Amino acid sequence: QQSLTYGFGDNERVLQFSNYSFDASVEQIFLSLINGGALVLIPQVSGLDISLIERVVDDERVTHLDVTPSFLENLTVGKYAALKRVVCGGEICRKQLAQRWDGHVEFFNVYGPTEATISSASYKFLSNVDAEILPIGAPIGNTRIYILDGSGGLCPVGVAGELYIGGSGVARG
């Protein structure tokens, strides 16, 4: 369903940033391969080498970059000719970070636990968002998200509760 969220085509080039033992790698691998795109690999030992990552993103004409906000903080904005989309997940993403990339790429904040097949919700950054921390957005296709109270009932809008995720991407049990 992420290919619909991103308008992903067969000309995409996704950087395999996450280690294969981390759930985000599944999304990076299969988003590119299922849609006929290319998966760009880097040596695992160099995953935190900022200059190497920047070089690979530029030289390999990466179009889709999926990283944590804390890693993205270290990358140079506007340096990559082919990059058209940045996806941040795995931790809180601040509006200030998205604003830095605004105008250079489409910027998405995603949320989802491993049990829900990685991303369950996605938010496309809008510069007029009225929050310092980006929202997690709306459920992706074939996913439902509920905010429930301690008794399992739906919470009214604006009331804190427990996040429940349902749909075809959620693991049984």
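Keep in mind that this is a model prediction, so the values were computed, not measured. Counting from 1, the numbers follow the sequence of the chain as shown. When reading the values below, keep in mind they use all heavy atoms of this one structure, side chains included, and skip hydrogens, waters and symmetry mates.
Remark: Glu91 pairs with Ser70 by the side chain to side chain donor-acceptor pair (under 3.5 Å) rule, at least two apart or across chains. Partners of Asn74 according to the side chain to side chain contact (heavy atoms under 4.5 Å, CB included) rule, which considers only residues two or more places apart in sequence or in another chain, are Ile50. For Leu134, the side chain to side chain contact (heavy atoms under 4.5 Å, CB included) partners two or more places apart in sequence, or in a different chain, are Cys93, Lys95, Ala98, Phe107, Asn109, Tyr123, Phe125, Val129.
Cluster membership check: Ile34 shares its hydrophobic cluster with Leu39, using side-chain heavy-atom separations under 4.5 Å among Ile, Leu, Val, Met, Phe, Trp and Tyr. Trp101 and Leu126 fall within the same hydrophobic cluster, where Ile, Leu, Val, Met, Phe, Trp and Tyr residues are linked whenever their side-chain heavy atoms come under 4.5 Å apart, directly or through other members. Follow the hydrophobic side-chain contacts under 4.5 Å out from Val26 and you reach Leu33 in the same cluster. Residues Phe17 and Leu75 are members of one and the same hydrophobic cluster, defined by side-chain heavy-atom contacts under 4.5 angstrom among Ile, Leu, Val, Met, Phe, Trp and Tyr.
Using a 4.5 Å heavy-atom threshold, the side chains of Pro113 and Ser120 count as touching. The shortest distance between side-chain heavy atoms of Leu72 and Leu97 falls below 4.5 Å. The shortest distance between side-chain heavy atoms of Arg100 and Val77 falls below 4.5 Å. Arg144 has its side chain within reach of Tyr146: a pair of non-hydrogen atoms, C-beta onward, lies under 4.5 Å apart. Looking only at side-chain heavy atoms (C-beta outward), Asn35 and Glu12 stay at 4.5 Å or farther from each other. Contact of the Leu65 side chain with the Leu83 side chain is registered, since non-hydrogen atoms from C-beta on lie closer than 4.5 Å.
Ion pairing between Glu106 and Lys124 holds under the 4.0 Å rule for side-chain N and carboxylate O.
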For side-chain contact (heavy atoms from CB on, under 4.5 Å), just list the numbers for Val87 and His64, CA-CA rounded to whole Å, side-chain angles, deciding distance to a tenth of an Å, and then say yes or no.
CA-CA 8 Å; Val87 178; His64 181 96; 3.6 Å; yes

Residue pair Ser119, Glu27: steps toward the side-chain hydrogen bond (donor to acceptor under 3.5 Å, both in side chains) verdict
CA-CA 8 Å; Ser119 294; Glu27 197 166 88; 3.0 Å; yes

Evaluation steps, side-chain contact (heavy atoms from CB on, under 4.5 Å), between Phe8 and Val14:
CA-CA 10 Å; Phe8 202 90; Val14 178; 3.4 Å; yes

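Atom CD of Gln99 is surrounded by more than 12 heavy atoms from other residues, nucleotides or ligands within 6.0 Å.
Checked by atom type, the side-chain pair Gln16/Ser25 shows no donor-acceptor distance below 3.5 Å.
When all heavy atoms are compared, the tightest approach of Ile118 to Asp23 is CG1-O, 3.2 Å.
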Show me the side-chain donor-acceptor pairs of residues 149-167 shorter than 3.5 Å, one per line, residues at least two apart or across chains.
from	atom 1	to	atom 2	distance (Å)
Asp149	OD1	Ser151	N	2.9
Asp149	OD1	Gly152	N	3.0
Asp149	OD1	Gly153	N	2.8

Donor-acceptor pairs under 3.5 angstrom involving side-chain atoms of residues 53-61: please list them, not counting sequence neighbours.
from	atom 1	to	atom 2	distance (Å)
Glu54	OE1	Lys79	NZ	3.1
Glu54	OE2	Thr76	N	2.7
Glu54	OE2	Thr76	OG1	2.9
Glu54	OE2	Tyr80	OH	2.8
Asp58	OD1	Ala81	N	3.4
Glu60	OE1	Arg13	NH2	3.3

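If you take CG on Asp66 and OG on Ser18, they are separated by 6.0 Å, rounding to the nearest 0.5 Å.
If you chain together ILVMFWY residues whose side-chain heavy atoms come under 4.5 Å of each other, Ile133 ends up grouped with Ile92.
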